[in-house]
**Q** 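Before I ask anything, here is the structure I am working with.
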There are 2 protein chains.
Amino acid sequence: MKILLVDDHRILLDGLRFLLQSGEEEAEVSTASSVEEAWDMLRKDPPELVISDISVPKVGGIAFAKQVREHYPLIKVIFLSMHEQPHLVREALATGAEGYVLKKSAHEELLKAVKEVMGGALYFSNEIHKILVQRLRFPEDEKILSQREKEVLNLIFEELSNREIGEQLHISERTVETHRKNIYQKTKTNSLVGLLKFALENNLVSGLN
Amino acid sequence: MKILLVDDHRILLDGLRFLLQSGEEEAEVSTASSVEEAWDMLRKDPPELVISDISVPKVGGIAFAKQVREHYPLIKVIFLSMHEQPHLVREALATGAEGYVLKKSAHEELLKAVKEVMGGALYFSNEIHKILVQRLRFPEDEKILSQREKEVLNLIFEELSNREIGEQLHISERTVETHRKNIYQKTKTNSLVGLLKFALENNLVSGLN
DNA sequence: AATGATATCCGTGCTGGTGGGTATTTTTTA
DNA sequence: TAAAAAATACCCACCAGCACGGATATCATT
């Protein structure tokens with residue numbers, strides 16, 4: 001069984017390779033520490049399974065998973081991430097990934113996830129399960145930002161003024177203000193600071209990290 | 001040689017244990033996923049070396065290192081962290097740690113660090129070295145916020161208005177404004193967003209993480 | 001004694017963001 | 001194809017934040 005591991009922390013990659021190869025299955029594990037590298041390797045020699053981090057510099061694990069799903073729908077995908085924020089988890093699972101394991105889990109759990117997923121099932125850590133259930137019970141929290149709103153949010157965190165954002169997006173400053181209002185409503189925040197905290201906690205902005 | 005590993009990601013711990021034990025040295029590796037747990041284990045059976053993450057929930061790896069240094073000055077400490085922000089690195093090394101290895105490094109580098117440190121030397125990843133050199137060349141960047149300014153910054157981060165901050169600290173709103181001005185100058189930022197980004201990058205605020 | 005950093009206080013006026021609306025067009029979804 | 005969501009745009013009133021002026025007191029270091 002061929003597995004491709006993607007994570008920007010080499011040390012984790014090296015450790016994981018050991019772990020996976022020590023599992024009873026004869027696993028052939030290759031590793032990549034960036035999405036670009038991973039994509040190259042995947043095209044040259046498609047694996048059966050991709051295990052990817054989410055917070056990978058630049059492109060990000062979620063975008064990578066989408067790409068994989070689109071071009072190689074048969075390849076299974078498991079996310080291995082430290083993040084357990086509802087919004088992020090939801091976005092990740094919306095790519096159609098077969099698994100989501102938290103980094104704080106024991107390694108046995110990852111091995112189990114691999115086995116389950118390769119057997120055709122899905123596997124999620126307990127915490128992720130809870131989020132899915134929570135989602136059923138409180139669907140009103142579902143409201144996620146639209147694409148445009150995300151763009152505006154990111155430009156806000158580029159320290160641009162509303163006028164500048166308008167110019168950048170070729171829309172009126174008034175429209176930017178409207179977007180801003182809607183963002184505040186959807187995120188239930190009412191100050192720039194609160195918004196920033198929310199955005200960081202939910203990985204909605206691409207600065208930092 | 002007894003080694004204590006501290007990190008809140010179990011999977012990383014499991015992988016690292018493999019890596020360290022596969023190194024030629026006969027290493028006896030124990031692991032802890034919280035500072036409290038680590039401290040218990042350390043007291044019961046003191047290791048020669050502690051390898052700790054920095055962003056451990058609640059207490060944090062830096063505080064833990066200080067504690068270890070104070071009560072067991074002979075135990076060597078190596079930080080294994082993803083963070084490479086100058087302020088944070090400086091704070092970490094100020095504890096007197098013998099090493100600082102980035103998680104994005106290859107595992108060979110960690111083994112090398114262990115060997116060097118146990119041999120009585122220090123070991124830092126290249127990126128960390130650069131920060132130390134940079135520090136020598138541009139000491140003017142050292143200017144850190146005063147205690148009062150840090151308090152104000154934290155309250156800003158609590159989403160308080162200047163008026164509320166004034167009440168909280170029993171000072172005039174004007175004074176808060178002055179502090180704010182000085183903070184902006186020192187951090188070379190000129191917007192709330194920029195300031196918050198700076199604060200987060202340099203761990204000046206106690207929210208989040 | 002002089003210096004620099006810290007901390008405190010005050011007034012004024014401008015501007016950008018906030019919050020209250022309303023409304024049209026396009027796109028997506030059911 | 002009808003309904004819903006997203007994106008666009010505008011008006012107006014309000015005020016917090018901030019720039020730009022000032023000012024004084026304390027303390028450690030030089």
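Chain A is the first sequence line, chain B the second, and so forth, proteins listed ahead of strands; every chain is numbered from 1.
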**Q** Can you measure B:Glu151 atom CD to C:dT6 atom C1' for me and round it to whole angstrom units?
**A**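 Rounded to the whole Å, the gap is 13 Å.
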
**Q** Give a yes/no verdict on a cation-pi contact between B:Lys197 and A:Phe157, requiring under 6.0 Å between NZ or CZ and the six-membered ring centre and an angle within 45° of the axis.
**A**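 Ring-cation test returns no.
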
**Q** Base, sugar-phosphate, or nothing: which does A:Ser191 touch, judged by heavy atoms less than 4.0 Å apart?
**A**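 The answer is nothing, as A:Ser191 stays clear of every strand by at least 4.0 Å.
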
**Q** Nearest-Å distance, NE2 (A:His179) to C1' (D:dA5)?
**A**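 One finds 13 Å between C1' of D:dA5 and NE2 of A:His179, rounded.
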
**Q** For A:Gln147 and B:Arg180, take the nucleotide of DNA chain D holding the closest heavy atom to each; which residue's nucleotide lies nearer the 5' end?
**A**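 By nearest-heavy-atom nucleotide position, the 5'-most residue is A:Gln147.
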
**Q** Judged by each residue's nearest nucleotide on DNA chain C, which is more toward the 5′ side, B:Glu149 or B:Glu177?
**A**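 First, find each residue's nearest nucleotide; the 5'-ward one identifies B:Glu149.
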
**Q** Classify A:Arg163 by what it touches in the nucleic acid, base, sugar-phosphate, or nothing, heavy-atom distance under 4.0 Å.
**A**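 Touches nothing.
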
**Q** Identify, between A:Ser161 and B:Thr175, the residue whose nearest nucleotide on DNA chain C lies closer to the 5' end.
**A**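 First, find each residue's nearest nucleotide; the 5'-ward one identifies B:Thr175.
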
**Q** Classify the nucleic acid contact of B:Asn162 as base, sugar-phosphate or nothing, counting any heavy atom under 4.0 Å across all strands shown.
**A**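 Since only primed, P, OP1 and OP2 atoms lie under 4.0 Å of B:Asn162, the category is sugar-phosphate.
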
**Q** Without decimals, in angstroms, what is the distance between A:Leu192 CG and D:dC15 C1'?
**A**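 Whole-Å distance recorded here is 16 Å.
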
**Q** Before you tell me yes or no, could you show the steps for B:Asp53 and B:Leu80 under side chain to side chain contact (heavy atoms under 4.5 Å, CB included), namely the whole-Å CA-CA distance, both residues' side-chain angles and the distance that decides it to 0.1 Å?
**A** CA-CA 5 Å; B:Asp53 187 22; B:Leu80 177 64; 5.8 Å; no

**Q** Using 4.0 Å as the upper bound for N to carboxylate O, is an ion pair formed by B:Arg180 and B:Glu149?
**A**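 The answer is no: the pair does not qualify as a salt bridge.
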
**Q** Round to a whole Å and report the spacing from CD1 of B:Ile165 to C1' of C:dA7.
**A**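 Answer to the nearest Å: 16 Å.
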
**Q** Quickly work out the B:Leu169 CG to C:dT6 P distance and round it to whole Å.
**A**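 The answer, rounded to whole Å, is 17 Å.
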
**Q** Between P on D:dA16 and CZ on B:Arg174, what's the gap in Å once rounded to a whole number?
**A**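 Rounded to whole Å, this separation is 11 Å.
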
**Q** Roughly how many Å is it from CG in B:Asn182 to P in D:dC20, rounded to a whole number?
**A**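 Computing the B:Asn182:CG to D:dC20:P distance gives 14 Å.
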
**Q** Nearest to the side chain of A:Thr178, heavy atoms from C-beta on, is which of D:dA9, C:dC9, D:dC18?
**A**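 When the side chain of A:Thr178 is considered, D:dA9 is the closest of D:dA9, C:dC9, D:dC18.
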
**Q** Using a heavy-atom cut-off of 4.0 Å across all strands, would you classify A:Glu173 as base, sugar-phosphate, or nothing?
**A**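 No contact.
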
**Q** Which nucleotide wins on minimum distance to the side chain of B:Lys181, given the candidates C:dG17, D:dC10, D:dG21?
**A**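 Closest nucleotide to the B:Lys181 side chain: D:dG21.
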
**Q** Are any of the side-chain nitrogens in B:Arg174 or B:Glu177 under 4.0 Å away from the carboxylate oxygens of its partner?
**A**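 Yes, this pair counts.
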
**Q** Anything under 30° is parallel, anything over 60° is perpendicular, the rest tilted; go ahead and classify B:Trp39 against B:Phe64.
**A**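 It falls in the perpendicular class, over 60°.
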
**Q** Using atom CD1 of A:Ile183 as one end and atom P of D:dA5 as the other, report the distance to the nearest whole Å.
**A**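 Taking CD1 of A:Ile183 and P of D:dA5, I get 18 Å after rounding.
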
**Q** Under 4.0 Å between a side-chain N or O of A:Arg148 and OP1 or OP2 of D:dT8?
**A**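 A:Arg148 to D:dT8 OP1/OP2: side-chain N or O found under 4.0 Å.
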
**Q** Between C:dC10 and B:Ser172, is there an OP1 or OP2 to side-chain N/O distance shorter than 4.0 Å?
**A**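 For C:dC10, OP1 or OP2 has a side-chain N or O of B:Ser172 closer than 4.0 Å.
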
**Q** Let's see if you can work this out: which of D:dC18, C:dC10, D:dA9 has an atom nearest to the side-chain heavy atoms of B:Tyr184?
**A**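 The listed nucleotide nearest to B:Tyr184's side chain is D:dC18.
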
